[in-house]
Structures are given as structure tokens and as C-alpha cells.
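Accompanying notes for the structure given below.
Note on naming: letters A, B, ... go to the chains in the order of the sequence lines (proteins, then strands), and numbering restarts at 1 for each one. When reading the values below, keep in mind they use all heavy atoms of this one structure, side chains included, and skip hydrogens, waters and symmetry mates.
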Amino acid sequence: MELLVSILALGSTYALLAAGIVIIYKASRVINFAHGELAIVGAYVFHSAGFLTGTTLTALSLFTAIVVAATASALFGVVIYFALMRRLLGRPTFVAAMVTIGLAIILKAAIVVIWNSRSVGIPIGRQALYNFAGGGRISWIDVISVLTCAAAFAALAIFFQLTRLGRQFRGAAENPLLAAQRQVNINLILAIAWSVAVFSAALAGVLFGSRSMLSPQSTIIGLSGLTAALVGGLDSLRGAAIGGLLVAAATYLTARLISPTLAETVPFLILLIVMSWRPWGLFGTVEEINRV
Amino acid sequence: MYNVRVIGTAFVVLAAACAATVGARAQDYKIGYITDLSGPLAGSYTPTWQGFELYIKALNGRGGVNGRKVNVTIDDDGLRADRAVAAAKKQVESNEVLGIFGLSLSSTQAPVIAEMQKVGVPVASTFSAILDALPPAKPDYFSTGVTFEVAGEAIGTLQKRIVPSGKVVGITFDSVGGRAANNHNKLAVEKEGYTWDEVLFPVRTADFTPFAQTAAAMKPAMIVGHYGAEQNIGVIAALRGAGYAGPYIIAAYGASEDTARQAAAQAGSGENIYMVSRYAVPTDNAPGMSDLAAAAKKYGIANPTSMHVTGWVLGMFAEQALKNCGAECTREGLDKAMQSVKLDTKGLTGGPIEMSADNHYGPTYWRLYHWETDKFVGVGDWLKKTGLEFPAK
């Protein structure tokens with residue numbers, strides 16, 4: 001039971017990361033290689049805002065941290081689009097992908113320079129919600145992670161299916177030229193895509209920092225998010241959710257049942273198998289995949 | 001006439017520049033420092049570098065050594081051996097350093113030392129140290145830091161002060177140093193009648209939950225973590241989440257009281273956290289700590305930790321070696337000077353640092369600390385280790 005809860009909690013974090021990667025890919029056909037760095041920088045911003053005035057998190061400082069991190073990450077997504085990605089519209093998508101690699105390097109350097117590479121934790125929800133007889137426990141952060149992920153995916157589903165902007169987004173993703181001819185503001189759509197994606201990355205970063213800790217090394221979770229997105233299908237939000245859970249399950253089950261040293265390797269083995277069998281991912285659309 | 005004036009002015013400027021360069025060479029001791037400032041263990045190695053830099057700033061502030069200032073060139077290896085070797089070659093060839101200090105994980109050290117031995121440049125490391133410094137010491141390599149094998153044995157001995165019997169579980173990441181520490185820890189605790197089990201995880205791990213659950217399932221009486229600061233924070237929180245509430249020992253290879261504070265906050269409790277360290281902690285009130293605190297205040301380092309102490313002690317070693325080397329110091333001279341260092345660390349270690357021709361590590365002193373509310377408190381006296389009790393693999 002404890003193992004299942006852990007898989008669900010970590011899988012939720014990976015699913016949120018994968019969702020951001022999928023949103024950007026759906027909107028612009030760009031794979032964002034800076035997603036892990038965006039997640040951890042967002043979490044560091046959250047930590048800095050939360051501990052700005054004291055050494056413990058109070059209700060007020062927690063609220064401040066949420067507002068600051070949410071606003072900063074959403075705005076940063078817009079800035080990335082207008083400062084970097086907008087100039088690359090119409091260029092080969094690999095150029096934009098290379099730019100995201102550069103962005104990843106710069107963001108990681110920012111962690112070193114601004115936060116001094118210091119390892120920090122985000123002490124939220126570590127208290128036990130339920131203790132198992134054998135010694136394990138379910139903590140609040142496990143439940144918060146799962147519920148936050150579920151709420152985020154529900155909000156995204158409502159946005160894409162029921163709102164006018166969401167329908168325009170889907171239209172622009174399917175055929176940007178036609179959408180532009182029908183007066184859809186492509187720049188607005190893409191800016192929103194980056195904004196939502198960076199926001200979801202920061203959310204995933206905060207949840208991850210609450211369950212584990214933050215350091216420059218934590219940016220490696222971006223690789224797990226990307227693996228989840230590729231396994232699930234780069235243009236499928238449903239695939240992102242399933243992919244996140246699969247990667248988390250593969251990591252945990254390998255560590256517990258096979259060998260801890262192979263735990264980080266097996267998800268990539270699954271990726272290789274899925275890519276060989278279904279290059280478009282488990283839930284991806286065959287004809288739309290144009291890999292970098 | 002105009003051209004002659006221009007050429008003449010240029011000549012004078014050029015001559016002045018050359019004179020200035022020569023002057024700088026004659027005045028400053030040039031040394032290098034290489035460590036991980038951006039890689040997986042940057043959180044551990046950065047404060048060590050800051051401690052070293054702080055000592056050199058304070059040293060230069062009081063006039064330097066033998067009337068000469070010390071000029072340090074810093075390079076980041078990102079915990080990669082190829083970058084460490086490239087940085088070392090650059091420092092030797094372009095920066096003309098007398099010796100290289102610092103270095104990062106054990107895996108990056110051997111190739112750097114091999115390259116430096118070819119050109120006769122002495123190297124002095126903090127943590128991590130490798131066995132080349134122990135008798136019979138190999139040339140051009142010294143360490144004032146932590147050799148994993150020695151630390152593993154020291155921890156194995158000091159564990160008796162916490163729990164007298166039962167199973168000890170060693171957790172480490174899958175590196176040469178981590179495995180060495182685990183192995184010597186195992187040999188030491190088995191000699192004392194404990195049983196041993198271990199969990200290894202990949203070096204580039206960010207989520208420690210599955211490994212902590214595996215360790216907790218082993219039902220240990222005590223757990224030791226052989227890795228850096230960030231891993232300790234994540235592992236302690238994950239262990240508590242997995243239901244293990246027993247003693248956890250932080251092997252201080254890059255960890256400090258800041259690590260314990262973060263881990264306690266993240267785990268929801270600071271109970272049963274211990275640390276074994278070669279260096280004193282700020283709350284030990286050692287005389288040397290006052291010097292460090294004063295320098296930290298002067299040069300803007302907030303809340304120095306025992307990780308800053310490790311770098312500071314290496315700075316003391318560098319000063320002593322340069323002093324012994326004299327005003328006309330050469331690389332060969334610095335190597336010989338390091339062999340004769342007898343350094344009183346003013347309480348920052350449990351005893352003096354003493355080098356000799358065949359022992360470039362010297363006796364070391366280790367102390368068990370217990371985390372109490374918001375500080376480490378020593379448990380018993382320092383343990384002296386004069387070498388390895390068990391042969392290294």
C-alpha cells in the first residue's frame with residue numbers, strides 16, 4: 001500500500017511535468033528540454049519567497065510563496081515565448097529545441113549563482129496522515145501531490161474542451177495557418193501555452209521539493225518528465241498522466257524488487273521498448289508526430 | 001614626428017605593462033583551486049571553496065605569506081574528470097600555479113593527480129581524499145580531508161556510542177568512494193559484532209523514496225549515509241516517511257549542521273540524527289572558530305558551517321606550506337614544504353595536521369555529534385585514527 005501511494009505521488013509529479021511538455025509540443029511542435037530546470041527554478045523561487053522573512057513557513061509566508069511562484073512562473077513562460085521562441089516561428093523545430101537546451105544550461109547556472117547550489121527542502125505536508133502497522137506511512141504531501149495533479153488535469157481538460165480559448169488552442173495546434181486566417185491570435189495562444197507549461201513545471205517542482213529536496217541535481221526530474229511524455233505520446237495529455245505513473249512505477253518497483261542501482265535506468269528501457277513499438281507513444285497521434 | 005611619438009608612447013606603455021606583469025609574478029604566490037561548483041555535489045563543495053577563499057582573503061588582508069600575497073585561480077569541474085584534468089592543465093600552463101588545492105569527488109582526483117605528477121605539481125585535497133596520500137604516500141599528493149576508507153572505519157568504531165548491537169545499514173551512491181566507505185564501515189561494525197546490510201543508489205538520483213523504503217524494510221538498528229549534503233536531506237526525510245525513526249548517522253563528507261537543520265525541517269523531526277566529522281562544528285567554540293567567524297563577518301559569508309571549516313583548514317595548510325617553501329618558492333619546493341607541515345588548527349580538528357615524507361595524510365581525529373534542537377553537540381571525545389585497520393581493496 002505504501003509503495004502504491006509513493007508511486008501515485010511521484011507519478012503525479014512526473015505527470016505534471018509531462019503535461020507541460022505536451023502542451024508546448026501540441027502548440028508549437030517544440031520539445032522543451034529545459035522543463036526540469038524550469039521546475040526546479042520555480043521551486044527555488046517558492047522556497048525563497050516562503051523563507052524571505054523567517055526560518056519557518058507560516059500560513060502567510062506559504063500564501064506569499066504560492067502567489068509569488070505562481071505569478072513568476074506564469075510570467076516567465078510568457079517572457080520565454082516573446083523573448084526567445086517567437087523569433088523562431090517558421091524555423092525548423094530543432095532550432096527551437098536547441099534554444100531550450102541553451103535555456104536549460106542558463107537556468108542551471110542561475111541556481112548556482114543565485115542560490116549558491118545550496119540544497120534546501122520545502123517542509124510542507126511531511127506529517128503523517130496515516131501510519132501503517134509495518135512502519136510506513138502516508139503523508140499529507142503524498143495526498144496533496146495526487147489531488148493537485150488531478151485538479152490540474154481536470155482544469156486543463158475543461159480549458160481545452162469547454163472554453164473558446166481552449167478550442168482556439170486546439171485549432172491552432174492542428175493547423176496554425178488556417179487558425180491564423182480565421183483571426184485566431186497565434187501569438188496569444190503560444191504565449192499561453194508557455195505560461196501554462198512553466199506554471200505546471202513550477203508546481204511539479206514544488207511538489208517534488210516537498211517530497212524530496214531541491215539542489216542543482218534535482219533538475220534531472222525533467223528527464224523523467226520527458227520520458228513520461230514520450231512514453232505517453234507527445235501530443236496526448238492522457239498519455240502524459242499514464243506515462244508519469246508508468247515511469248514512477250518502473251523506478252520504484254525496480255528499486256524495491258530488482259536492484260536500487262538500476263532504478264533510474266529501467267524507465268529508459270521502457271522508453272526504448274515503447275519507441276521501438278509505437279514511436280508516437282502509447283496515446284500519441286500517429287500522423288502528427290514529427291520528431292526532432 | 002607624430003608617428004615617432006605614437007610608437008614611443010606605445011613602447012613605454014608596453015614596457016610598463018611587461019614590468020607590471022613581472023612585478024605581479026614576483027609578488028604573488030599563484031595557486032589553483034578546482035572543485036565542483038555546478039555539478040551534482042556543488043552544494044557540498046561550494047561552501048568548502050568559500051571557506052578556503054575566506055582564509056586566503058583574510059591571509060592577504062594581513063599581508064600574505066613571507067610578505068607576498070596569495071593569488072588563487074578557481075575552476076569548476078562540474079564533478080567531471082575530463083573537466084578537472086583540463087582545468088588542472090590550464091592552471092599549470094596558463095596560470096603558472098605552484099600547486100593545486102581542493103578537487104572534488106574521488107573519481108575526478110586520480111586523473112588530475114596522474115597528470116600533475118607528470119609535471120611535478122603538488123596537489124592538496126580536502127574531502128574527498130584518496131588512498132595515495134596514506135603511507136607509503138605517492139608523490140605530489142596530500143590531503144587534509146576525508147579518506148572514505150578511514151572515515152568508514154572511524155564511523156564503525158564510533159557507532160558503539162549510539163547502539164551497542166543489531167543491524168547497521170549503510171546507504172551510499174554507487175561511486176568508488178561510496179563503496180569504499182561502506183566496505184570499511186562494514187568491516188569495522190562486523191568486528192564489533194553488528195550485522196551489516198547496504199543500499200546503493202545511482203549517483204544522479206533526485207528522489208530517494210524507493211531506496212529509503214528498501215533500507216527501512218531491512219529493519220536496521222542504525223543507518224549510516226555515506227554521501228554529500230543534498231543526499232542526506234532527501235534520504236533522512238524519505239527514511240522518516242518510510243517509517244524508520246531510529247538513529248541515522250550523517251558521514252560528514254560534505255554535510256554540516258546546515259544539512260541536519262534542513263533534513264530535520266524536511267523530515268518533520270530532528271530526533272536521532274547524528275554526524276561523524278573530521279572537523280569541528282561552529283558551536284564547539286574552538287579558538288580557530290573565532291578567526292573564521294571574524295573573517296566571515298568581514299568578507300560577507302553568512303552563517304559559516306563545518307563545511308566552511310574544511311576549506312578554511314585547507315587554507316591554513318596552504319599558508320603553512322607556502323611559509324615553509326620560502327619567498328622563492330618553486331613547485332618542487334612546495335612539494336617538499338608540504339611534507340614538513342606541522343599545523344596546529346586551533347581546535348578546528350581534534351589534533352594537529354602532521355605530514356611527513358611517506359605520510360601525506362597524517363593521523364586524523366573523528367568526533368561523533370548528536371543533533372539537539374538546532375545545533376550539534378559532541379558525544380564523547382575525539383577518536384584518533386593513525387591509518388587503516390583493514391586493508392583497502
If I compare all heavy atoms of [X] with all of [Y], which pair ends up nearest, and what's the gap?
X	Y	result
B/A206	A/S218	CB-CA, 4.0 Å
B/A217	A/R256	CB-NH2, 4.3 Å
A/V120	B/Q262	CA-OE1, 3.4 Å
B/A265	A/P123	O-CB, 3.3 Å
A/S212	B/D207	OG-CA, 4.0 Å
B/T209	A/R211	OG1-NH2, 3.9 Å

What part of [X] is in contact with chain A, defined as an atom under 4.5 angstrom from a non-hydrogen atom: side chain, backbone, both or neither?
X	answer
B/V235	neither
B/R261	neither
B/T46	side chain
B/D174	side chain
B/A237	both
B/D76	neither
B/A212	neither

Can you tell me if A/S6 and B/Q213 form a side-chain donor-acceptor pair at under 3.5 Å?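 Yes, a side-chain donor-acceptor pair sits under 3.5 Å.
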Looking at A/G209, is its backbone amide N or carbonyl O close enough to the side chain of B/Q266 to form a donor-acceptor pair, meaning the two atoms are under 3.5 Å apart?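 Yes: the side chain of B/Q266 pairs with the backbone of A/G209.
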As an exercise, state the distance from [atom1] of [X] to [atom2] of [Y], rounded to the nearest 0.5 Å.
X	Y	atom1	atom2	value
B/N232	A/S119	CG	OG	9.5 Å
B/F211	A/T261	CZ	OG1	8.5 Å
B/E230	A/Q217	CD	CD	7.5 Å

What part of [X] gets within 4.5 angstrom of chain B, counting heavy atoms only: side chain, backbone, both, or neither?
X	result
A/L10	side chain
A/S139	neither
A/S210	backbone

Test side-chain contact (heavy atoms from CB on, under 4.5 Å) applied to B/R240 and A/R126, step by step: CA-CA 9 Å; B/R240 299 314 187 213; A/R126 299 296 306 183; 5.9 Å; no
